[in-house]
Trainee: 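Once you've had a glance at the structure underneath, I'll fire off some questions.
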Amino acid sequence: MPKEIQDVKVFLSLMKGSEAQGKDTSKEPKKNLYIKESKKITKFKLRGKKYLFTFKTADKNKAQKIQQTLPQNVNKIVIGAGGKKQQTKKKQKK
């Protein structure tokens, strides 16, 4: 089920696994963060065990700052305006 988050600090705390909105979300695994960029708006979608958390911003500078403050354990998948996916975490070949 989707939930839209309005506050940046709450969204970042969800990625780190701390408590937000009075609920303990530390048990939910955080695996993929989808970043969908369009001409006017940037959406950050975080898949949890029960919910799909979404944060939207129209400010490009704010979106860049959020991308820089993301934790390293989150797999970022960038979806451009054309709809093509680009994974930013590379897998190493053995």
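Quick caveat, the model's predicted, so the values are computed rather than measured.
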Trainee: For the CG atom of Leu14 and the CG atom of Leu33, what is their distance to the nearest 0.5 Å?
Mentor: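 Result: 11.5 Å between the selected atoms.
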
Trainee: For residues 57-68, tabulate all N or O donor-acceptor pairs below 3.5 Å that involve a side-chain atom, not counting sequence neighbours.
Mentor:
unit_1: Thr57; atom_1: OG1; unit_2: Asp59; atom_2: N; d: 3.3
unit_1: Asp59; atom_1: OD1; unit_2: Asn61; atom_2: N; d: 3.4
unit_1: Lys60; atom_1: NZ; unit_2: Ser38; atom_2: O; d: 2.9
unit_1: Gln67; atom_1: NE2; unit_2: Glu37; atom_2: OE2; d: 3.3

Trainee: Taking the side chain as C-beta and beyond, is there a heavy-atom pair between Ile35 and Thr42 under 4.5 Å?
Mentor: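 Heavy-atom side-chain distance check passes, below 4.5 Å.
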
Trainee: I'd like to know if Leu52 and Phe55 are part of one continuous hydrophobic network [Ile/Leu/Val/Met/Phe/Trp/Tyr, side-chain heavy atoms within less than 4.5 Å].
Mentor: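 Phe55 does not cluster with Leu52.
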
Trainee: Establish whether Ile41 and Val78 are linked, either directly or via other cluster members, by ILVMFWY side-chain heavy-atom contacts under 4.5 Å.
Mentor: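 No; Val78 is not reachable from Ile41 via cluster members.
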
Trainee: Quick one: does NZ or CZ of Lys3 land under 6.0 Å from the six-membered ring centre of Tyr51, within 45 degrees of the ring axis?
Mentor: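 Verdict for Tyr51: a cation-pi partner in Lys3.
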
Trainee: Can you check side-chain contact (heavy atoms from CB on, under 4.5 Å) on Thr69 and Leu12, steps first, answer last?
Mentor: CA-CA 8 Å; Thr69 60; Leu12 291 175; 4.0 Å; yes

Trainee: Is any side-chain heavy atom of Leu70 closer than 4.5 Å to one of Lys76?
Mentor: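 SC-SC contact between Lys76 and Leu70 confirmed.
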
Trainee: Which value, rounded to the nearest 0.5 Å, describes the distance between Phe53 atom CZ and Met15 atom CE?
Mentor: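 Rounded to the nearest 0.5 Å, the CZ-CE separation comes to 11.5 Å.
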
Trainee: Can you tell if the side chain of Thr54 reaches within under 4.5 Å of the side chain of Phe44, non-hydrogen atoms only?
Mentor: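 The answer is no; the side chains never approach within 4.5 Å.
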
Trainee: Rounded to the nearest 0.5 Å, what separation is found between the NZ atom of Lys45 and the NZ atom of Lys36?
Mentor: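 Interatomic distance, Lys45 NZ to Lys36 NZ, rounded to 0.5 Å: 5.5 Å.
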
